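Keep in mind that the numbers below use all heavy atoms, side chains included, and drop hydrogens, waters and symmetry copies. Values in this document were obtained by computation on a predicted structure and should not be read as measured data.
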Amino acid sequence: MERKDPQVFVDRRPRLTARERDVLCLLANGHLNARIAERLGISEPTVRAHMISARRKLGCATREQAVAVAITLGLISP
């Protein structure tokens with residue numbers, strides 16, 4: 001008797017950190033880096049670092065594209 005392996009679901013979405021998702025979500029809601037930094041209690045350079053990391057993981061050239069991709073993939077909700 002032939003045994004079939006069960007199908008395994010593999011989530012291939014990029015893995016963003018919680019902070020990267022926070023930054024993207026605030027950006028999606030129209031906040032600029034200074035306001036994001038204030039809301040999250042971090043510096044503006046740290047906001048930029050999280051944004052750069054998220055863009056790289058999502059394969060995006062712009063902040064706006066990263067937000068759109070993150071929303072499309074269900075990684076964040078505006």
Side-chain angles (χ1 to χ4, degrees):
M1 180 179 235
E2 185 178 321
R3 181 174 177 191
K4 293 189 177 191
D5 291 328
Q7 289 185 351
V8 177
F9 174 75
V10 178
D11 187 357
R12 300 206 186 272
R13 294 180 301 175
R15 300 269 186 223
L16 298 179
T17 66
R19 195 54 101 186
E20 290 164 349
R21 290 191 308 273
D22 291 341
V23 169
L24 285 169
C25 190
L26 289 168
L27 184 62
N29 285 291
H31 297 288
L32 299 176
N33 284 359
R35 180 69 176 136
I36 294 170
E38 182 182 306
R39 291 276 305 268
L40 298 178
I42 59 179
S43 69
E44 283 188 66
T46 302
V47 171
R48 284 192 295 275
H50 288 307
M51 193 64 239
I52 289 168
S53 178
R55 281 180 33 211
R56 181 183 47 78
K57 290 177 183 180
L58 295 169
C60 298
T62 67
R63 297 159 51 101
E64 296 78 11
Q65 184 183 18
V67 167
V69 169
I71 291 169
T72 301
L73 294 176
L75 299 172
I76 64 167
S77 55

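- In terms of the salt bridge (Lys or Arg N to Asp or Glu O under 4.0 Å) criterion, R39 has no residue partners (sequence neighbours excluded).
- Within the 4.5 Å cutoff, the side chain of I42 has heavy atoms near those of the H50 side chain.
- In plain terms, the two heavy atoms of A37 and S43 that are nearest each other are CB-C, 3.8 Å.
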Result block: side-chain N/O donor-acceptor pairs under 3.5 angstrom for residues 65-78, not counting sequence neighbours:
residue : atom : partner : partner atom : Å
Q65     : OE1  : A61     : N            : 2.8
T72     : OG1  : A68     : O            : 2.8

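- When all heavy atoms of L58 and P14 are compared, the closest pair comes out as CD2-CG, 3.6 Å.
- Evaluation of the side chain to side chain contact (heavy atoms under 4.5 Å, CB included) rule for E64 yields T62 as partners, not counting sequence neighbours.
- For residues 46-56, no pair satisfies salt bridge (Lys or Arg N to Asp or Glu O under 4.0 Å), with sequence neighbours left out.
- Contacts of E38 classified as side chain to side chain contact (heavy atoms under 4.5 Å, CB included), with partners at least two apart in sequence or in another chain: R35.
- Put simply, the side chain of L26 reaches to within 4.5 Å of the side chain of L40, judged on heavy atoms.
- R63 meets the side-chain hydrogen bond (donor to acceptor under 3.5 Å, both in side chains) test with N33; sequence neighbours excluded.
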